[in-house]
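Step one of this worksheet: look at the structure below.
Sequence lines set the chain letters: A, B, ... in the order given, protein chains first and strands last, and positions in each chain run from 1.
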Amino acid sequence: MNSDEILSIFKRRGVLWPTAEIYGGAQGLYDYGPMGSALKRRLEDAWEAWFVGLSQNYHRIDAVEMLPEAVVRASGHLDHFADPLVTCGNCGTVIRADELLEAKGQKDAEALKGDELAARLEQLHPPCPRCGKGPLGPPRAFNLMFGMEFGALGKEKAYLRPETAQSSYLAFSRMWNIGRKKLPMGIAVIGKAFRNEIAPRQTLFRMRVFTQAELQIFFDPEDYPSEWKAFGEISVPILFAEKRLAGAVRPEEVSLRELVEKGYLPPFYAFHMAHTYRFFRDVLGYPAERIRFLEKNERERAFYNRIQFDVEAELVSLGGFKEVGAIHYRGDYDLTKHSEGSKTDLSVTTEGGKHLTPHVLELTFGVDRNVWALSDIHLRKDGERLVWSLPSYLAPVTVGVLPLIPKEHGVLAQELADALRSAGVSVTLDESGSVGRRYARLDEMGTPLAVTIDGQSKQDRTFTIRERETKEQRRVGETELLPLATKPAVPPWGCLAFR
RNA sequence: GCGGACAUAGUGUAGUGGUUAGCACGCAAGCUUCCCAAGCUUGCAACCCGGGUUCAAAUCCCGGUGUCCGCACCA
């Protein structure tokens with residue numbers, strides 16, 4: 001399925017469309033329609049069940065998207081999230097000022113402040129690397145965060161959060177106090193994050209406003225649950241940074257137990273890799289061979305990370321592996337920085353009397369990107385038709401109710417649809433067109449189960465159910481139908497892994 | 001941001017200065033139809049936005065916006 005085909009079906013069926021479409025759209029902004037928002041919500045629910053469900057000491061909060069300047073100053077985003085850019089007066093190319101200087105032999109150019117940068121540029125006046133001419137304009141700070149004036153006088157500044165994680169760190173102190181004061185403690189946020197991307201592209205993959213699902217796990221790196229050490233025998237596909245830089249593309253199957261024994265990864269990290277891998281493979285149904293963990297080396301990692309593996313899914317529509325999530329070991333960076341910034345002690349004393357600043361393991365997940373991945377991976381062609389082979393618990397609509405001949409079976413169909421809705425099932429009643437056409441409509445939106453009402457139904461209240469994947473049909477009674485509709489093949493949720 | 005290409009019903013497209021802007025799919029109504037986009041009838045629905053040239057612009061020119069491809073960017 002290529003990118004145009006996916007976008008076309010998205011627009012046609014009300015999954016997704018450009019924001020402000022009637023004004024010509026706006027770069028990097030998309031709105032979800034009824035089908036899309038239902039799918040997105042189910043994806044978020046699955047994520048929450050799988051990750052926040054790991055422990056009773058993990059909780060989801062709902063925090064605002066706007067942060068006072070002091071927060072992003074402390075977190076490092078005000079400095080690290082901004083690039084000093086210069087524009088070539090000749091060809092218009094925009095280049096990072098610090099990289100220009102480093103090319104000229106200037107060490108630590110990244111650490112220079114605005115004025116120093118400007119002075120040094122003046123002194124060295126490097127040529128434009130693209131056209132070889134110039135002149136290059138003065139450097140100006142380009143911050144990837146959206147800033148705004150706060151309050152009537154506009155004297156205070158605020159920023160839209162560049163990652164939802166910050167909201168969890170801000171909540172840490174209160175969550176510690178209202179909770180059981182135990183580590184590990186988890187704080188999850190599913191919500192919008194904002195980045196002023198220079199060139200948003202590829203629809204759901206580079207947006208200026210996007211949804212993240214992130215779980216911050218606060219823990220003691222020297223004393224964590226035994227379950228994190230004994231996670232069973234599982235191999236995951238990994239592409240190590242070293243091999244990637246040597247040209248490798250395909251990952252290798254690696255036993256996590258062996259990685260831990262060799263001391264390459266701490267057990268707490270390996271445990272969450274396993275859990276994350278199973279989420280993509282077993283819950284979202286991505287084929288194992290289309291998932292890989294990409295190791296980021298020190299140079300590539302975000303400034304706060306000690307260990308970072310991106311999770312990538314191979315997407316035909318985007319021509320290869322694309323990031324859909326990541327596992328970041330952020331150490332005590334965030335709590336330490338916010339302790340300093342807020343002048344609030346964020347260290348804790350554990351049950352055993354140990355005093356520490358908890359470390360953070362962040363499980364981060366791009367919701368929109370996975371909506372796209374679910375399309376790329378599960379949309380398939382069946383002759384002329386499109387079938388969206390979504391896992392049934394993710395399908396926007398679970399059951400389609402189809403009266404074979406509306407005039408004759410419409411009343412009973414309406415009754416059945418109402419009964420299913422009362423039972424909490426997402427139902428669509430379709431009376432329009434031939435039954436084959438209606439099956440096709442359901443297939444395209446991934447509805448796993450169709451129920452048709454025919455002449456016999458009126459006599460004995462049995463119905464024909466038809467399954468999306470196999471197209472197989474069989475006749476069931478009312479009592480048999482309800483459990484089928486309400487319990488669509490549930491994945492192995494599982495698992496309160498520890499308490 | 002830069003360079004190139006592109007922008008026509010909901011979707012995919014035809015239309016090189018004068019067309020009632022065509023076609024397919026779709027959607028809606030009716031007939032038919034007891035199980036996989038069947039058939040027949042009728043209908044719905046479009047020239048991205050703003051300027052300019054011209055007697056006349058979907059068509060030519062300029063600007064904007066957006067999309068795609070390369071480059072750069074993606075802590």
Looking at [N], does its base get a donor-acceptor pair with the side chain of [X] below 3.5 Å?
| X | N | value |
| --- | --- | --- |
| A:Asp443 | B:rC36 | no |
| A:Arg195 | B:rC74 | no |
| A:Gln473 | B:rC35 | yes |

Name the pairing partner of [N], where a pair is Watson-Crick or G-U wobble with both distances under 3.5 Å, or state none.
| N | answer |
| --- | --- |
| B:rA14 | none |
| B:rG1 | B:rC71 |
| B:rU54 | none |

* Can A:Glu415 and A:Arg461 be counted as an ion pair, charged N to O under 4.0 angstrom? ->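 A:Arg461 and A:Glu415: salt-bridged.
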* **Sidechain N-carboxylate O distance under 4.0 Å for A:Arg380, A:Asp443** =>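 Salt bridge between A:Arg380 and A:Asp443, a charged N being under 4.0 Å from a carboxylate O: no.
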* Asked: How are the rings of A:Phe280 and A:Tyr286 set to each other: parallel, tilted or perpendicular (split at 30° and 60°)?
  ->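 Answer is tilted, since the angle falls between 30° and 60°.
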Could you tell me the separation between the [atom1] atom of [X] and the [atom2] atom of [N], rounded to a whole number of Å?
| X | N | atom1 | atom2 | answer |
| --- | --- | --- | --- | --- |
| A:Asp430 | B:rC35 | CG | P | 18 Å |
| A:Ile22 | B:rG66 | CD1 | P | 15 Å |
| A:Gln202 | B:rA72 | CD | P | 15 Å |
| A:Glu444 | B:rC25 | CD | P | 16 Å |
| A:Asn196 | B:rG1 | CG | P | 10 Å |
| A:Gln27 | B:rC48 | CD | C1' | 15 Å |

For a quick check of understanding: with a heavy-atom distance under 4.0 Å over all strands, which category does [X] fall into, base, sugar-phosphate or nothing?
| X | result |
| --- | --- |
| A:Tyr439 | base |
| A:Arg13 | nothing |
| A:Glu5 | nothing |
| A:Gly455 | base |
| A:Ser432 | sugar-phosphate |
| A:Arg206 | base |
| A:Gln456 | nothing |
| A:His77 | nothing |

Ignoring the backbone of [X], work out which of [options] is nearest its side chain.
| X | options | value |
| --- | --- | --- |
| A:Arg466 | B:rC36, B:rU67, B:rG1 | B:rC36 |
| A:Arg437 | B:rC34, B:rC27, B:rU33 | B:rC27 |
| A:Lys471 | B:rA37, B:rC36, B:rC74 | B:rC36 |
| A:Asp454 | B:rC36, B:rU11, B:rC34 | B:rC34 |

* Aromatic contact, A:Tyr333 with A:Tyr169 (centres under 6.0 Å) ->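 Not close enough - the centres of the two rings lie 6.0 Å or further apart.
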Is it the case that [X] and [Y] place a side-chain donor and acceptor less than 3.5 Å from each other?
| X | Y | answer |
| --- | --- | --- |
| A:Thr428 | A:Asp430 | no |
| A:Thr464 | A:Gln473 | no |
| A:Asn297 | A:Glu295 | no |

Side-chain N or O of [X] closer than 4.0 Å to phosphate OP1/OP2 of [N]:
| X | N | result |
| --- | --- | --- |
| A:Arg201 | B:rC74 | no |
| A:Lys407 | B:rC31 | yes |
| A:Thr452 | B:rC35 | no |

* With RNA chain B as reference, determine whether A:Tyr23 or A:Glu300 sits nearer its 5' end, using the nearest nucleotide of each. =>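 Its nucleotide being nearer the 5' end, the pick is A:Tyr23.
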